[in-house]
Q: 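The structure that follows is given in the form of structure tokens.
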Amino acid sequence: MRPLRYVCVLVGMGLISGIQAQQEPWVHIQAIRHAPYKGIPGQPQTGDSAFLEYVIQHLLEDPADLRYISARDLLRQLCIVDCDTGTTHIRDTLPGGVRVEMILRTKAFVAAQHTFRWRSRDSLIEAIDGMPAIGAVTALPSRQADTLILRVAGQEIPVPTDAYRDLFDPVLCTGEYFTHEAAVFHSLDGRFIYLYLHGGTGPNLYLAKLVFDHGRYVTRIVAEYPDLLRYAVIRDIFMGF
């Protein structure tokens, strides 16, 4: 498959006010809490706002990770310069003129090269190579994240493989069935870089957000199909976290 070529339009950073940047993450949290999508009528515990509270209470690795919550429609997406089934390449400029480049590569998943742990009660996949089987709970995946390279201001940032190697069948280019292409955004103040990855299909759907600053990988937030389904947030337009 030939790579997709993108024409990037650089948005002036003057569109993002200093006041907004100083208010992170509260400007994002309030935007999600007041989002127009309220979920399924008659079920108040569904929708973007209810899902946000679930993320805050149950999905953050540390309570301090609240600072990384984002309403994506308030953020600026970085430019995708190339994308095909195996690689996505992102290159752009952060506030202050800092250049950033990210390359994510996947590879074919060969079952014979891996070990599995199955749940005895329902025969679902619990772990692959001792890692959570994110995106591959009910069926073996076809691809897995293989390499993630991040460069900020020309310096390569170390990224531990534990941050992404258990994210199976990630979608790199145009998605379908409520998944979207891999995308990178930056926080309003430019301090943090966010990689959003959708992956899996059907009951294996997931959304992952990997967080970096200008010198290191920081943390991630992952929501899997049961979370997304319970709060009725599986849809084309989703503000995210």
Q: Start with the C-alpha distance between Phe192 and Tyr68, add both sets of side-chain angles, then the distance that settles ring-ring contact (aromatic ring centres under 6.0 Å, His included), and finish with yes or no.
A: CA-CA 8 Å; Phe192 301 107; Tyr68 309 123; 5.1 Å; yes

Q: How about Tyr217 and Phe212: are their ring centroids closer than 6.0 Å?
A: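 Centroid separation for Tyr217 and Phe212: below 6.0 Å.
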
Q: Measure across Asp213 and Ile193 and return the closest heavy-atom pair with its distance rounded to 0.1 Å.
A: O-CD1, 4.4 Å

Q: Salt-bridge test for Arg220 and Asp166: reply yes if a basic N is under 4.0 Å from a carboxylate O, no otherwise.
A: yes

Q: Any chance the side chains of Ser142 and Asp169 put a donor and an acceptor closer than 3.5 Å?
A: yes

Q: Before giving the answer on side-chain contact (heavy atoms from CB on, under 4.5 Å), spell out for Leu124 and Thr138 the whole-Å C-alpha distance, their side-chain angles and the decisive distance to 0.1 Å.
A: CA-CA 5 Å; Leu124 297 180; Thr138 67; 3.9 Å; yes

Q: Calculate, to the nearest 0.5 Å, the distance between atoms CZ and CG belonging to Arg91 and Leu78 respectively.
A: 12.0 Å

Q: Can you name the closest pair of heavy atoms from Phe116 and Ala111 and give their distance?
A: CE1-O, 3.6 Å

Q: Between atom CG of Leu150 and atom CG of Leu210, what is the distance when rounded to the nearest 0.5 Å?
A: 10.5 Å

Q: Parallel, tilted or perpendicular: which fits the ring planes of Phe51 and Tyr54, with parallel below 30° and perpendicular above 60°?
A: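 Parallel, since the angle between the ring planes stays under 30°.
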
Q: Is Met131 reachable from Leu59 through a run of hydrophobic residues whose side-chain heavy atoms are each under 4.5 Å from the next?
A: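 Hydrophobic grouping puts Leu59 apart from Met131.
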
Q: So does Glu24 pair up with Arg191, basic N to acidic O under 4.0 Å?
A: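 No, no charged N to carboxylate O under 4.0 Å.
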
Q: Any idea which heavy atoms bring Ile103 and Thr87 closest together, and the distance?
A: CG2-CG2, 3.9 Å

Q: Using the side-chain hydrogen bond (donor to acceptor under 3.5 Å, both in side chains) rule, collect all pairs that involve residues 150-162, keeping only residues at least two apart or in two chains.
A: Glu101-Arg151

Q: Can Arg72 be said to sit on top of Tyr196's aromatic six-ring, NZ or CZ under 6.0 Å from centre and within 45° of the ring axis?
A: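 Yes, cation above the ring, under 6.0 Å and within 45°.
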
Q: Any luck finding a side-chain donor-acceptor pair between Arg33 and Ser49 under 3.5 Å?
A: no

Q: Of the non-hydrogen atoms in Ala208 and Val222, which two are nearest, and what is the gap between them?
A: CB-CG2, 3.9 Å

Q: Write down the atom of Ala145, the atom of Thr106, and the distance for their closest heavy-atom approach.
A: CA-CG2, 4.2 Å

Q: Got a second to check how far His89's NE2 is from Ile149's CD1, nearest 0.5 Å?
A: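 Reported value, rounded in 0.5 Å steps: 9.0 Å.
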
Q: According to the interplanar angle, ranging from 0 to 90°, do the rings of Phe109 and Phe168 count as parallel (below 30°), tilted (30 to 60°) or perpendicular (above 60°)?
A: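 Plane angle over 60°, so perpendicular.
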
Q: For Arg76, is there an ion pair with Asp92 - N to carboxylate O distance below 4.0 angstrom?
A: yes

Q: Which atom names give the shortest non-hydrogen contact between Leu172 and Leu104, and what distance separates them?
A: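 Closest pair (atom of Leu172, atom of Leu104, distance): CD2-CD2, 3.5 Å.
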
Q: May I ask you to check if Lys209 and Tyr194 form a cation-pi contact, with NZ or CZ under 6.0 angstrom from the six-membered ring centre and within 45° of the axis?
A: yes

Q: Please round to the nearest 0.5 Å and tell me the distance separating atom CZ of Arg165 and atom CG of Asp146.
A: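 Between atom CZ of Arg165 and atom CG of Asp146 there are 5.5 Å.
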
Q: With a 3.5 Å distance limit and no angle check, can you tell me whether Arg67 reaches the backbone of Ala64 through a side-chain donor-acceptor pair?
A: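 Looks like yes, one N/O pair under 3.5 Å.
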
Q: Please round to the nearest 0.5 Å and tell me the distance separating atom SG of Cys173 and atom CG of Asp82.
A: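 The distance works out to 9.5 Å.
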
Q: For His186 and Gln77, does a side-chain donor sit closer than 3.5 Å to a side-chain acceptor?
A: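 No pair is found: no donor N or O on one side chain lies under 3.5 Å from an acceptor on the other.
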
Q: Should the pair Arg119-Glu126 be classified as a salt bridge under the 4.0 Å nitrogen-to-oxygen rule?
A: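 Answer for the salt bridge query: no.
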
